[in-house]
Colleague: 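Starting off with a structure, shown below.
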There are 2 protein chains.
Amino acid sequence: MTASALPVVCAALGDATRWEILTRLGEGPMSASALARALPVSRQAIGKHLEVLREVGLVESERRGREVVHLAVGARLGALARELDRIGRDWETRLLRIKELAERPGPDPAT
Amino acid sequence: MTASALPVVCAALGDATRWEILTRLGEGPMSASALARALPVSRQAIGKHLEVLREVGLVESERRGREVVHLAVGARLGALARELDRIGRDWETRLLRIKELAERPGPDPAT
DNA sequence: CTCTACTGCAACCAATGGGTTGCAGTAGCC
DNA sequence: GGCTACTGCAACCCATTGGTTGCAGTAGAG
């Protein structure tokens with residue numbers, strides 16, 4: 001996962017309806033029509049959300065007979081989680097270093 | 001981190017400008033005016049972004065003399081990362097179970 | 001073959017949100 | 001005390017987006 005993709009995939013996860021869709025798809029493959037029956041939005045709205053999720057790799061779609069079934073991709077979410085964890089750790093370590101420097105009497109890093 | 005907060009905090013992370021701000025704040029505390037000087041947006045826009053980030057716990061603010069300095073909170077990001085990782089694993093395990101059931105000749109789960 | 005049902009595309013609408021300018025308040029620096 | 005600079009609030013603008021309805025295409029079921 002490249003760093004520039006972080007805002008995009010986070011934006012895809014930044015919508016409650018899409019989380020509803022992902023939760024359903026996490027339990028098993030479903031078609032867009034089936035999702036539309038389960039959720040209080042139209043099938044076309046579901047379709048747009050699915051396109052967003054597919055573009056960032058959070059769902060995959062497969063034609064099965066007459067309908068197209070979609071499923072949530074856990075690997076992609078895991079990759080995002082690892083990246084966020086790494087960044088969070090960086091913030092904490094840098095903040096600790098700053099606090100150490102502030103409290104230490106000798107403020108020269110070269111020492 | 002409650003599950004209902006996931007879309008909100010992800011939405012906060014779903015903007016490129018906010019990631020710019022977070023990156024700067026991850027290197028050390030800064031004031032809104034300093035951020036506005038470093039980024040190609042106005043101070044008021046920075047202020048709105050900081051409010052969003054503060055509401056979801058990704059930055060903390062502290063009055064230091066005449067100015068207010070902000071810093072990125074790594075712990076919050078780590079909590080989000082753990083939650084996303086957990087959900088991603090759930091998806092993968094359930095999908096594996098479904099595939100197993102589909103390939104196994106005896107489709108009765110009670111057996 | 002026909003009928004049903006799921007998909008895909010397009011146009012349109014309203015709300016949200018990222019951005020701006022302007023102004024008032026307030027707290028250090030000299 | 002006066003000047004400077006940073007903060008906070010409000011109003012406004014426009015692009016994006018989540019949502020809708022409608023229609024055309026297409027592929028299984030009977």
Side-chain angles (χ1 to χ4, degrees), chain A residues 4-25 27-73 102, chain B residues 4-25 27-73 102:
Chain A
S4 63
L6 277 176
V8 183
V9 57
C10 285
L13 291 173
D15 180 90
T17 303
R18 281 198 281 270
W19 272 105
E20 291 285 337
I21 293 175
L22 286 173
T23 305
R24 300 297 202 293
L25 294 185
E27 298 169 357
M30 282 181 82
S31 73
S33 296
L35 283 166
R37 274 181 240 116
L39 298 180
V41 288
S42 69
R43 177 188 61 86
Q44 284 79 353
I46 299 279
K48 289 187 187 179
H49 286 305
L50 285 173
E51 190 187 354
V52 172
L53 293 170
R54 200 174 337 113
E55 276 174 354
V56 300
L58 283 168
V59 311
E60 286 180 358
S61 307
E62 172 192 359
R63 179 135 227 149
R64 189 179 297 181
R66 154 161 59 180
E67 58 188 11
V68 178
V69 293
H70 313 270
L71 61 94
V73 179
Chain B
S4 63
L6 277 176
V8 183
V9 57
C10 284
L13 290 173
D15 181 89
T17 303
R18 281 199 280 271
W19 271 104
E20 290 286 335
I21 293 175
L22 285 173
T23 305
R24 300 297 203 291
L25 294 185
E27 297 171 357
M30 281 182 81
S31 73
S33 296
L35 283 166
R37 274 182 240 114
L39 298 180
V41 288
S42 68
R43 177 188 60 86
Q44 283 79 352
I46 299 279
K48 290 186 186 178
H49 286 305
L50 285 173
E51 190 188 354
V52 172
L53 294 169
R54 201 175 335 112
E55 276 174 353
V56 299
L58 282 168
V59 311
E60 285 179 358
S61 307
E62 172 192 358
R63 180 135 225 149
R64 189 179 297 181
R66 151 161 63 179
E67 58 187 12
V68 178
V69 292
H70 313 269
L71 62 93
V73 177

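To find a chain, count down the sequence lines: A is the first, B the second, and so on, and within it residues start at 1.
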Colleague: Quick one: is A:His49 getting a side-chain N or O under 4.0 Å of the D:dT17 phosphate, OP1 or OP2?
Modeller: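 No.
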
Colleague: Toward the 5' end of DNA chain D, which comes first, A:Val41 or B:Arg66, by nearest nucleotide?
Modeller: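 Taking each residue's closest nucleotide, the earlier one in sequence belongs to B:Arg66.
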
Colleague: Using a distance-only criterion (donor-acceptor N/O pair, under 3.5 Å, no hydrogens), is the base of C:dG8 paired with the side chain of A:Arg43?
Modeller: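 Per atom types, the contact qualifies.
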
Colleague: Looking only at N and O atoms, is any donor in the side chain of B:Lys48 or the base of C:dG17 less than 3.5 Å from an acceptor on the other one?
Modeller: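 No such pair is found, so the answer is no.
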
Colleague: Provide, to the nearest angstrom, the distance between the CG atom belonging to B:Leu13 and the P atom belonging to C:dG18.
Modeller: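 Computing the B:Leu13:CG to C:dG18:P distance gives 12 Å.
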
Colleague: Between C:dA5 atom C1' and A:Arg64 atom CZ, what is the distance in whole Å?
Modeller: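 Between C1' of C:dA5 and CZ of A:Arg64: 18 Å.
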
Colleague: Nearest whole Å is fine: how far is D:dG19 P from A:Glu51 CD?
Modeller: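 Distance check: A:Glu51 CD to D:dG19 P gives 14 Å.
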
Colleague: For A:Leu35 and C:dT7, give me the distance from atom CG to atom P, rounded to whole Å.
Modeller: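 Value for this atom pair: 9 Å.
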
Colleague: For residues A:Ala12 and A:Leu58, report the shortest heavy-atom separation together with the two atoms involved.
Modeller: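 Of all heavy-atom pairs spanning A:Ala12 and A:Leu58, the closest is CB-CD1, 4.5 Å.
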
Colleague: Testing the basics here: between A:Leu13 and A:Trp19, what is the closest heavy-atom pair and its distance to 0.1 Å?
Modeller: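 Of all heavy-atom pairs spanning A:Leu13 and A:Trp19, the closest is O-NE1, 2.6 Å.
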
Colleague: Are A:Ser61 and A:Arg54 packed together at the side-chain level, in the sense that at least one heavy-atom pair is separated by less than 4.5 angstrom?
Modeller: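 Sidechains of A:Arg54 and A:Ser61: in contact.
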
Colleague: Nearest of C:dT7, D:dG8, C:dT21 to any side-chain atom of A:Ser31?
Modeller: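 The closest nucleotide is C:dT7.
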
Colleague: Considering the options B:Leu39, B:Val41, B:Ile46, which one meets the side-chain contact (heavy atoms from CB on, under 4.5 Å) requirement together with B:Glu20?
Modeller: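 Among B:Leu39, B:Val41, B:Ile46, the one that satisfies the side-chain contact (heavy atoms from CB on, under 4.5 Å) with B:Glu20 is B:Leu39.
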
Colleague: What's the closest nucleotide to the side chain of A:Val68 if the choices are D:dG18, D:dT7, C:dG8?
Modeller: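 Minimum distance to the A:Val68 side chain belongs to C:dG8.
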
Colleague: Round to a whole Å and report the spacing from NE2 of A:His70 to C1' of C:dG8.
Modeller: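 The distance from NE2 of A:His70 to C1' of C:dG8 comes to 12 Å, rounded to the nearest Å.
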
Colleague: Does A:Gln44 or A:Thr17 map to a spot on DNA chain D nearer the 5' end, using the closest nucleotide for each?
Modeller: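 Going by which nucleotide is closer to the 5' end, it is A:Thr17.
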
